[in-house]
Amino acid sequence: MQDGKHTILLGRPVSLSRLKKRAGFLRVRNGRAWRTPALVLQARHNAGETGAQENTARFGFTVTRRLGNAVIRNRARRRLKETARLVAGAHARPGYDYVVIARQGALTRSFTQLQKDLCIALEGVHKEQSARA
RNA sequence: CCAGUUGGCCGGAUGGCCGCUCUGCGCGGGGGAUUUGUAUUUUCGUACCUUGGCGCGGGGAGGAAAGUCCGGGCUCCAUGGAAGCACGGUGCCGGAUAACGUCCGGCGGGGGCGACCCCAGGGAAAGUGCCACAGAAAGCAAACCGCCUCUCAUUCGGGCCGCAAGGCUAAGAACAAGAGGUAAGGGUGAAAGGGUGCGGUAAGAGCGCACCGCGCGGCUGGCAACAGGCGCGGCACGGUAAACCCCACCGGGAGCAAGACCGAAUAGGGAUGACGCGGGCUCAUCAGCCCAGGCCCGUUUCCAGGCUUGAUCAUCCGGGUUGGUCGCACGAGGCGUAUCGCAAGAUGCGUCCCAGAUGAAUGGUCAUCCAUUCUGCUUAACGCGGAGGGACAGAACCCGGCUUACAGGCGAACUGGCAUG
RNA sequence: GGGCGAUUAGCUCAGCUGGAAGAGCGCUUCGGUGACAUCGAAGAGGUCGCAAGUUCAAGCCUUGCAUCGCCCA
């Protein structure tokens, strides 16, 4: 069952380490991506990056103007941030940079569904990588 | 009760769990001077500095935070003053204000039965331009059709004389031509040189008169815009200034990505053009002083003051940094109250401290309630169940306005209508 | 955050001092060709971004909105 496989393993909510520089976003854009209706997840190993630490995963968020006005964009980013904070501890791998791009579903989906989406995306990104390797 | 007008206020509430940011205190981590304890070193440790942790407490989006349309504070452009020109803005009058294109009160015009609403509302008699098409004519008095008078010719008709041909005559009618008088009527246009009525006339006309409008002069009231009488003028002066313009008043430019400091990194570049390769004195050099030249932010002139004369200025090309701190939140501040003022507002007193982010915090989620919509049961209200569902919108240096967006709700004053007492 | 600019035919743009809208490319039809292209002829296609105002009259003047784009340290 999909549900059993993707139950949300709520690890301890971690305080997110954030990706804040434009250069970091551009680097992650060249990595692997996974799409769901609510978000697009991009990931890349951050070895050799200045300021990166081996044992933490860093997250960046992108919300474009196409999604709506400032209030709508703020709400989308806050929901995604909270989702990442709850899910990252169990599913994100240290030493990786992730960029989450909001889509329309980030506003309309229920919060539990949103968490499930991010789990699937995180697993999907890494599964694809190991399959290729 | 129904319909409406004006000016205000609010912009879901409570709780659980988990977070973000600023800040105060305490604990903790790191660094750690002078002095003293000693012969030296090290360690401990104080003031102090700093921060990534922990605990407790406190604060944390709006009426528009928006658009960036005006006005200011503040900062830089090296600085200040005077006069003129140019450019831009504003525009009834008086007041409020730091200032304004904002606000308040009044005046004038327009709309509404009314409460009330709307108006870029100076000057067209300083000058210039424009008024397409249509129309005779579009701005200065002109006359296309028409109306009327006169002259002359013709025709018709009448009268008289004559047998007749014909002649004479005049108060007529029609039509052509010419001369003149008209602007009532027609038609065009957005607009055609006061309007209506009576008189008047050949026909007409401010030609005359009455009322209305308009202009000029003076009087009264008002700070003024303006209003009201009075007298005179028979009418001249079309519209457009969100066309140029005139008049009055205001305005230097750029903006917190302003600007200041610290640190890192790279470079002490290249091309083209301009000015110039200044003089004298102290003098080994640096540096200073005097004279001369250039420059000082829309522009010209004048004054003061300053900068600069080579490591120059202007334009273009190339390279590096894409960190931090300050600016930065006590302010034309909020709330309450008293006095003055019709009001906008002013002054005094008391009280409060009220966001400070920077890939950008101020939240995420769940539940209940509340407002509200649809629907099922119910005769119906009520009640119960289910589903939907909470407007516009997110501080970015700060204030005063304007404009635009906005689900719904609260209370006030006033107007019109109906009913009742 | 702040400062600027643009919007006219399907596309790229003209349109001066207000008097009612044009060019090139494209499109359609016809001619021409065995057929096509080139070529020739004719034609269609416009809420001038939207809304108010000034004016007799607005693509043009004024104001407010909307959309798109550029610049800065």
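We name chains A, B, ... by the order of the sequence lines, and we start the count at 1 in each one. Quantities reported herein were computed from a predicted structural model and do not represent experimental measurements.
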Find the partner of [N]: check Watson-Crick (N1-N3 plus N6-O4 or O6-N4) and G-U wobble (N1-O2, O6-N3) distances, both under 3.5 Å, and reply none if neither fits.
N      : answer
B:U240 : B:G129
B:G208 : B:C198
B:C219 : B:G228
B:A124 : none
B:U339 : B:A346
C:A37  : none
B:U365 : B:G16
B:A153 : none

State the [atom1]-[atom2] distance between [X] and [Y], to the nearest 0.5 angstrom.
X        : Y       : atom1 : atom2 : value
A:His91  : A:Leu86 : NE2   : CG    : 12.0 Å
A:Arg75  : A:Arg73 : CZ    : CZ    : 12.5 Å
A:Arg109 : A:Leu39 : CZ    : CG    : 9.0 Å

Less than 5.5 Å between centroids and less than 30° between ring planes, does A:Phe25 satisfy that with B:G359?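 According to the criterion (under 5.5 Å, under 30°), yes, A:Phe25 stacks.
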Quickly work out the [X] [atom1] to [N] [atom2] distance and round it to whole Å.
X       : N      : atom1 : atom2 : value
A:Glu82 : B:C17  : CD    : P     : 15 Å
A:Lys81 : B:U365 : NZ    : P     : 13 Å
A:Leu80 : B:U365 : CG    : P     : 11 Å
A:Arg78 : B:A357 : CZ    : P     : 16 Å
A:Arg77 : B:U21  : CZ    : C1'   : 14 Å
A:Arg58 : B:G359 : CZ    : P     : 14 Å
A:Phe61 : B:A360 : CZ    : C1'   : 14 Å
A:Gln42 : B:G359 : CD    : P     : 19 Å

Rounding to the closest angstrom, what is the interatomic distance between [N] and [M] at atom [atom1]?
N      : M      : atom1 : answer
B:G108 : B:G228 : C1'   : 15 Å
B:U321 : B:G268 : P     : 15 Å
B:A136 : B:U154 : P     : 36 Å
B:A66  : B:A367 : P     : 35 Å
B:G197 : B:A205 : P     : 11 Å
B:G229 : B:G345 : C1'   : 39 Å
B:U325 : B:A329 : P     : 13 Å
B:U201 : B:G167 : P     : 43 Å

Would you indicate, yes or no, if [N] has its OP1 or OP2 atom less than 4.0 angstrom from a side-chain nitrogen or oxygen of [X]?
X       : N      : answer
A:Arg75 : B:G394 : no
A:Arg73 : B:A360 : no
A:Arg79 : B:U365 : yes

Report the residue (A:Val71 or A:Arg109) whose heavy-atom-nearest nucleotide on RNA chain B is the more 5′ of the two.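 The residue closer to the strand's 5' end, by nearest nucleotide, is A:Arg109.
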Does A:Arg78 have any side-chain contact (heavy atoms from CB on, under 4.5 Å) partners at least two apart in sequence or in another chain, and if so, which?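 A:Arg78: side-chain contact (heavy atoms from CB on, under 4.5 Å) contacts with A:Asn74.
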In terms of base orientation, is [N] syn or anti, with the syn window spanning 90° either side of 0?
N      : result
C:A20  : syn
B:C354 : syn
B:A344 : anti
B:G229 : syn
B:G63  : syn

Measure from the side chain of A:Arg85, starting at C-beta and using heavy atoms only, and say which of B:A360, B:C18, B:G363 lies closest.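 The answer is B:C18, which lies nearest to the side chain.
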From B:G364, B:G394, B:A361, nucleotide with atom closest to A:Asn74 side chain: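 Comparing B:G364, B:G394, B:A361 against the side chain of A:Asn74, the answer is B:G394.
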Minimum heavy-atom separation for A:Val125 to A:Ala33, with atom names?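 Closest approach of A:Val125 to A:Ala33: CG2-C, 4.4 Å.
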Please answer whether the main-chain N or O of A:His126 pairs with a side-chain N or O of A:Arg32 as donor and acceptor at a distance below 3.5 Å.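 No, the answer is negative, given that no donor and acceptor are paired below the 3.5 Å cut-off.
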Ring pair (Phe, Tyr, Trp, His ring centres under 6.0 Å) partners for A:Phe61, two or more places apart: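 Once residues adjacent in sequence are excluded, A:Phe61 has no partner under the ring pair (Phe, Tyr, Trp, His ring centres under 6.0 Å) criterion.
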So what does A:Asn69 hit on the nucleic acid, given a heavy-atom distance under 4.0 Å: a base, only sugar-phosphate, or nothing?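 Sugar-phosphate only.
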Would you classify A:Thr62 as touching base, sugar-phosphate or nothing, given that sugar-phosphate means primed atoms plus P, OP1 and OP2, and contacts are heavy atoms under 4.0 Å?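 Answer is base: heavy atoms of A:Thr62 come under 4.0 Å of a base.
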Classify the angle between the aromatic ring planes of A:Tyr96 and A:His45 as parallel (below 30°), tilted (30 to 60°) or perpendicular (above 60°).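 The arrangement is perpendicular - the two ring planes meet at more than 60°.
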